[in-house]
Structure formats: structure tokens, C-alpha cells
Amino acid sequence: MRKLNYDLWQLQQGKRDGSHGTRRERSYALAQMANTLHERGYPGLRARNLKGKHIEALVRDWFDRGLADATMMNRMAHLRWWAKEVGKPNIVKPNAEYGIGQRSHVSDGTKRRDLDGDKLERVTDAHVKMALRLQAAFGLRREEAIKFRPTWADRGDRIVVKASTAKGGRARDVPIMKDSQRKLLDEARRLVRGGAMIPKHRNYAEQKKVYEDQTRKAGLDRNHGLRHAFALDRYEEITGWKAPAAGGPPRHTLKGEKRRMDTAARIQISSELGHGRLDVCRAYLA
């Protein structure tokens, strides 16, 4: 065990502040921070030597990995616990000074679910983890993600979802719009080497069971919300304003060009999600 990992483990011994779940998440988060700092060039760091430069290195890593604000806020809370335990409670600045946004405790009224980075790290099967990331990035259904073959599906500017894996047998294209999507596909290709998100020693039914077990244990078992998040983000990207379900203007109030843009966005998103009817979009966008 590395020195910093051992120090942080020692700090937690006998502590009973917070629920069992909070202590478990703290233990995991602190171990991740120790590993990150080792990889970022601080291999000999001890827990009591925590400095501002180490905190900034962690925050840079989180931003580089594209973690959501909510995930970073959770990690900052655990980082503050560490600082307090070593007698440096004021070394961690407010979240906003690191560029981390403010958590909203008010629901936006949608069914969206963003992929939680901390929970994703608890998934130990690499193929399941990649399937979840593909679901979030491209709005894929579970079966589509598990059976996804990046070498076949990646057409450069878009991915193609096979009819044989899609609900209702409807093949579809989903555009590749972001560098993060391109990098994810390249990573997926390296993982499976021409295959699907199913290890060679398993069939689909077996991998589906592994997916269900691992996502349930990690708290990531309600993943239709990832498709809601994809639809809401695509609507805003296409139109320039939020969907009605997320607080944007109701469809019936839109006139002229805005009304036409709304309709075009719904048609596009319906196609990208693999739905045959435009009115299904209401469940995602309202």
C-alpha cells in the first residue's frame, strides 16, 4: 500500500461521523485521490503534508475527466474532511474558486439522470463500464450498448445502431458532435478489438446479468434517465434554449421560426433515440 493511501486509511479508523454509506463513499473517494496524486507526480506525499497545489492538481484531474459538478462537489466534501483531520481546515477554498458550480437542490422537473462518476468507478467490469458511458454519450438503450460494436458502428461523423439490436428493429444514425464522443469511441475500440461490449467468454444473456448485478450494486440501475439527459441536451444544442420540461418555453408559446426549430429538433431527436413517432418526444421534452 502506498504511503498516502495508508495515511488516509489510518485517518478514518475509529471515526463514526456520517452514515455508514457516507463513510464508505469517503473511503473510496480518498483512495481515488491518493491514486490520482501519485499519478500526477506526488508519489511520496503524506496526508499531513496536504497543500493547495495538491488540491488544484486534483481539481484539474476531475475537470480533465469531465466529471459532473455534483460529483466534484461530493469529492470536495471528502477533501475538506481530510484537511480538517490533519489540522488544515482552511486550506480548501470555496468550490466556486476552483470553477466548480453550485449544486441545485430543486428538481428541473425532468427524468434525466447524468452518469455519476463516483458510482461509475464502482463498476469493476470494464465492458459494463464502457456500455454505461456509451449509453450516456449516445442515448443508447441497454441492449444496444451491450451489443455495440464500435469498429462496425463508427462511420466517422456518426454511429450506426444495428436494426438487430434496436427496439422495433429500427436501425438509426446518431451524429458524433463532440470530441468527447470521438475519444470514447476510440477507447471502446481499443477495449473490444473488433467485438462488442461482451467479453469473448460470455454470451449476451450472461453479460446482461453481469450488467444488472454491477449497476445495481453501484446504484446505477435506473438508466433510462440517461436517454432523457441525452434528449434534453440535444434539444438545447439544436435550438439554443432549454426544452419545456427543463424550464424552457412551452411549445404552444413558440411562433414562426422558433416553432419550426422546435419541430425540427423533435424530429431529429426522435430519430436519434430510435422512436418511430414524433409524439414520443413529449415524454422526454414535454
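Along the sequence shown, the residues carry numbers beginning at 1. These numbers come from a predicted model, not from an experiment.
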- Item | For the student: nearest non-hydrogen atoms of Ala145 and Ala131, plus distance | CB-O, 3.5 Å

- Message: Salt bridge check, Glu212 against Lys209: does any charged N sit closer than 4.0 Å to a carboxylate O?
- Response: no

- Task: Anything under 30° is parallel, anything over 60° is perpendicular, the rest tilted; go ahead and classify Phe148 against Phe138.
- Result: parallel

- Flag, side chain of Trp82 to backbone of Ala47, donor-acceptor distance under 3.5 Å: yes

- Message: Would you say Ile176 ends up clustered with Val160 if hydrophobic residues are merged whenever their side chains have heavy atoms under 4.5 Å apart, either directly or through other cluster members?
- Response: no

- Query: Do Tyr42 and Asn49 have side-chain N/O donor and acceptor atoms under 3.5 Å apart?
  - Reply: no

- Message: Side-chain heavy atoms nearer than 4.5 Å, only ILVMFWY residues, links allowed to pass through others: does that put Phe63 and Ile55 together?
- Response: yes

- Query: Quick one: does NZ or CZ of Lys93 land under 6.0 Å from the six-membered ring centre of Tyr98, within 45 degrees of the ring axis?
  - Reply: yes

- May I ask you to establish whether Lys242 and Tyr235 are in a cation-pi arrangement, using a distance under 6.0 Å from NZ or CZ to the six-membered ring centre and at most 45° from the ring axis? no

- Item | Closest non-hydrogen atom pair between His54 and Leu37, with its separation | O-CD2, 3.6 Å

- Following the transitive rule for hydrophobic clusters with a side-chain heavy-atom cut-off under 4.5 Å over Ile, Leu, Val, Met, Phe, Trp and Tyr, establish whether Met72 and Tyr28 coincide in one cluster. no

- Task: May I ask whether Leu191 and Leu140 are part of the same hydrophobic cluster, defined by side-chain heavy atoms of I, L, V, M, F, W, Y residues being less than 4.5 angstrom apart, directly or through others?
- Result: yes

- Message: Filter on side chain to side chain donor-acceptor pair (under 3.5 Å), then keep only pairs touching residues 186-199, sequence neighbours left out; what's left?
- Response: Arg133-Glu187, Asp154-Arg189, Arg182-Asp186, Asp186-Arg189

- Can a salt bridge be assigned to the pair Asp173 and Arg155 using a cut-off of 4.0 Å between side-chain N and carboxylate O? no

- Task: May I have the step-by-step check of side-chain hydrogen bond (donor to acceptor under 3.5 Å, both in side chains) for Asn35 and Asn5, ending in yes or no?
- Result: CA-CA 8 Å; Asn35 294 339; Asn5 293 77; 3.3 Å; yes

- Item | Closest heavy-atom pair and its distance - Ala29, His78 | CB-CD2, 3.5 Å

- Listed once per pair and sorted, the side chain to side chain donor-acceptor pair (under 3.5 Å) pairs that draw on residues 160-172, sequence neighbours left out: Glu144-Arg172

- Considering all heavy atoms of both residues, which atom of Ile198 and which atom of Ile146 are nearest to each other, and what is their separation? CG1-O, 3.4 Å

- Shortest non-hydrogen contact between Ala137 and Phe230, atoms and distance: O-CE1, 3.5 Å

- Item | cation_pi(Lys258, Trp241) dist<6.0 Å, angle<=45 | yes

